[in-house]
Amino acid sequence: MYGFMDYLLRSFNKETGWSDQNLYSNLTGTSRALLDFVHPLGLHFHISSYPSQSFMSSYTLSTLPVLDGSMAYLCTTRPLSSITHTKHVPLHEMIEGYREPPELKKHPEPWEWEVWQNGKRVDKKDSLLYGRMYIPSSTLEAMYTRRIAPTKQLILACVSDTKLPNGGTITAEIQHDVGKWSTEYVYSTEGGMLGLRGLWNFGPDPRKPRTPPSPSLYSSHTGVHDTPPIPSGRLSAGAEIYYGALTKSAGMSLGLRYASFASNQTPRTMTLTWNPLMGSVSTTYAVKNALTNSAFCSRFDFNMFSYESNLALGCEIWQWRDGSLSTSTASGMEKKDEDVKGVFKAQIGNSLGIGLHTLPYTNPTFIPLYRTQSSLT
Amino acid sequence: MAFKFSWPQFSAGFYEKAEDLLSTALNKGSKPAILVDKISVKELDMGTQPPELEILEIGDIAEDRFRGIFKLNYNGDASIVLQTKVQANPLNTHSRTSQPFSRVKMGAASSPLTVPMFLRLSDLKLSGIVILVFSKQKGLTIVFRNDPLESVRVSSTFDSIPAIARFLQAEIEKQLRSLFQEELPGIIHKLSLSWTSVPKAASPPLQPVKLPPIDVDSLHLDDSEDDFMLSPVAVQPAGSSTKPISLAEIDPERGLSDANLLRLRALASSQATLSVFTPAIRGAVYRSTAFASRKSTQAQPVHHHHHTLSISLPPLARPRFEEPSRALILRDAPPTPVAQTMLRPQLSRNPTSFTRKRKEQEKKRKVVKLGSRLAREESHRNLAQIQIDEEKRRFKEELDRINMERWGTQALAADA
């Protein structure tokens, strides 16, 4: 379940035409969303408001285990026109679930963004500024995002608290996404951590125009046009490497993902990640049933050195009001969010225990504010 | 007086209980993030040699209780084996301990790998001063007055990696030092609870009796009527009828007894506080430097006559040199006892004699116009003199402090 601020961040990304699905840090995004959902403890109360399309605020209050609250503010240079009142937000945008691989599109050239007026450049880069203050513990979280180029984004995130060593940490990240490949450069003051991540997508390069194949001699004989096969999925490979300057520690990992497109009946995603230094291998398999809008996922971890293994299973089932599981009504029309009765998420695994997460969707205005969950671990 | 140690005869029950208590003590407090499992004692061996105890002072001896200060030396072959699990992936430790909002998002690079580790501590060398209190009803406990750990050999499953071995050696020594100071008294006390009391002739480590935390009431100095001055040391009237004699007091090798050293320190420190009580030392001859007292009588401008009372108060610690005239009044050298007894307002005295003394002091005063060259020269000279006195005083204070530290720990131990 995304909070209001996460929803705003994703709206900003959508508004500026940036997709963070093509980054190595989200290689296992689907399995993490289906298997690693967080169980909040206690009762949480959120109130959010957006006085304008560029400035939003949110207040939270939690009662258990201790009473604490927070205030958050967000402002953007680009007005977010897609955000709406709670009852108009589509439910699938708020529930973290199966993530389909985005279509790789070509980013505009840098000169396409230039706006000139009277001989001077007047265009401004889009940026977002976010801050959250936790009231009893006096912790401040802040984030600054700036789209410095059509293919580059800068994110600065910091936490400030007197109880932390050095008063807090700042993490800076530059994401460079060309479409065919993407790289990320990370630096964090905590431990002097430097990181580099890269992802390569196999398949056609969105920057090159698709040329129709010239009819060959053979095909003209048979009379059949040789169209290139439409790819049913995309294979991506990536790697990451980290080095901690203060702690003299290093680490790396390699990853592979095959995701089939949403045009299929049952889109599926398979990932494999391997840490050669620690000898841990992790494989996931997620499948979504487009008819019923339900997703299932499984993950198997194995460590080659310590022979520790872990299996986790998770599912997300949408319940419709008329009792059926299908996304289309009896008359064949697409079901809307009002027909959703609830979303049921469950996970089970050795280290996860058993977790159940039900979101009854009784009244559209209440969904982001009310949820029940029970977990036994 | 002799102690008989029957060291190797520890029962299996003792070992079990000791292992339990040590495991609990080691897991108390915050563990470093690299340990992912609790620390448990796998093996405990008390060795064959008992520790050597040398009596420094005996505070309280009675039929059913005993209190003393000992010098403890241990060079035996006791050893202990601990087991725990460590996180071999430093990036995993980094991810776990960093704040979630600004955390570096790592994929499989932070996957955990736990490795079991065995740690063996042997060749323990202890040397320190220990207060041993034993009471038949309440029990036995040992408290270290200083850090007793001299060296310990740490060997672990990571001995083949020198970087980790060095890190472990440093960490374990640090943890052991805090363990000895804070946890060991409680452990020994709890161990002593589980057995019945045995006559004192047997070895003290096997005599466990319940005991509340250390109380400082059974030891006091010769002159109990001067107890108001010994504020850092809690002195209370003794419960027992015996008057303890501190060995340090009658030690011919030391020039001054601890009690007198403490009184001198109280006297010196009383100058630095605003306390109106000046401790008097009986049977002592006060001497002062004539130059300082003469200078003090000279440096009294007229408009400060209402501050004659302030002269008897201790001078402020930081001399202020903004105005030369003020600096003359705020003397840095502590007024010597002679000057003090002279200048302290004594209500029992005849007020006329006091004013007469003041007039005498005024007569000796030179009339100097402020701002004149003579005044400036004199103020410079006085300033220089004040600086010299200040340095002398500081040097003396340092010396006193060093002496106090050297003898004072044992003196404090005597009063504990």
Side-chain angles (χ1 to χ4, degrees), chain A residues 23-28 32 132 139 141-143 156-161 164-165 168-171 173 184 186-191 193-195 197 238-244 247-255 271-282 301 303 305-306 308 351, chain B residues 29-40 42 83-119 156-172 174-175 178:
Chain A
L23 300 170
Y24 183 79
S25 43
N26 289 323
L27 192 82
T28 52
R32 274 207 312 264
R132 184 182 285 269
T139 309
E141 286 175 0
M143 187 172 81
L156 285 170
C158 79
V159 175
S160 167
D161 192 350
L164 296 176
T169 53
I170 296 183
T171 304
E173 194 169 319
E184 291 170 82
V186 185
Y187 171 68
S188 172
T189 57
E190 180 145 16
M193 186 70 62
L194 288 161
R197 299 185 204 115
E240 63 181 358
I241 182 161
Y242 297 98
Y243 174 66
T247 53
K248 302 281 187 303
S249 53
M252 61 170 292
S253 82
L254 308 166
T271 69
L272 170 84
T273 52
W274 175 43
N275 187 334
L277 295 177
M278 296 296 140
S280 78
V281 177
S282 170
D301 304 315
N303 193 309
F305 298 148
S306 68
E308 281 173 356
S351 57
Chain B
S30 62
K31 285 200 300 262
I34 203 165
L35 297 180
V36 290
D37 195 19
K38 59 179 175 40
I39 307 172
S40 62
K42 191 158 172 285
Q83 80 176 35
T84 183
K85 287 201 185 90
V86 295
Q87 179 61 249
N89 191 356
L91 296 183
N92 185 278
T93 315
H94 177 270
S95 293
R96 270 187 298 125
T97 52
S98 57
Q99 292 292 309
F101 189 75
S102 62
R103 184 180 295 166
V104 176
K105 284 195 294 279
M106 295 189 188
S110 63
S111 53
L113 175 64
T114 51
V115 174
M117 181 176 87
F118 293 102
L119 198 73
S156 68
T157 46
F158 296 121
D159 279 348
S160 48
I161 306 167
I164 299 183
R166 272 199 305 270
F167 167 75
L168 277 175
Q169 177 86 25
E171 276 295 316
I172 296 289
K174 197 169 67 164
Q175 293 284 339
S178 82

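Letters A, B, ... mirror the listed sequences (proteins, then strands); counts begin at 1. Side-chain atoms are counted along with the backbone in the values below, which use heavy atoms only and exclude waters and symmetry mates.
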Most contacts with chain B, counted as non-hydrogen pairs under 4.5 angstrom, among A/Arg32, A/Glu308, A/Arg197: A/Arg197
Which atoms of A/Ser282 approach chain B - backbone, side chain, both or neither, heavy atom under 4.5 Å: neither
Part of A/Leu164 lying under 4.5 Å from any heavy atom of chain B: side chain
Non-hydrogen atoms of B/Pro112 and A/Asn303 that approach each other most closely: O-ND2, 3.7 Å
Most contacts with chain A, counted as non-hydrogen pairs under 4.5 angstrom, among B/Ser111, B/Ala109, B/Ala88, B/Gly107: B/Ala109
Minimal non-hydrogen separation, A/Glu141 against B/Phe101, with atom names: OE1-CD1, 3.4 Å
pair B/Pro90-A/Thr247: side-chain heavy atoms closer than 4.5 Å: no
Spacing of A/Ser160 atom OG and B/Gln99 atom CD [to the nearest 0.5 Å]: 10.5 Å
Residues, nucleotides or ligands: over 12 heavy atoms within 6.0 Å of B/Lys85 NZ: no
Between A/Ser253, A/Cys158, A/Ser188, A/Pro165, the one whose heavy-atom pairs under 4.5 Å with chain B are most numerous: A/Ser253
A/Glu240, part contacting chain B, at a heavy-atom distance under 4.5 Å: side chain
Sidechain-backbone polar pair: A/Thr171 side chain, B/Arg103 backbone, donor-acceptor under 3.5 Å: no
Point-to-point distance, once rounded to the nearest 0.5 Å, from OG of B/Ser110 to CE of A/Met278: 10.5 Å
Neighbourhood of chain A inside residues 156-167 of chain B, taking heavy atoms under 4.5 Å as contact: none
Within-4.5 Å side-chain heavy-atom neighbours: A/Ser306 and B/Thr114: no
Rounded distance [0.5 Å steps], CG in A/Asn275 versus CG in B/Leu113: 9.0 Å
4.5 Å side-chain heavy-atom contact, A/Met193 and B/Leu91: yes
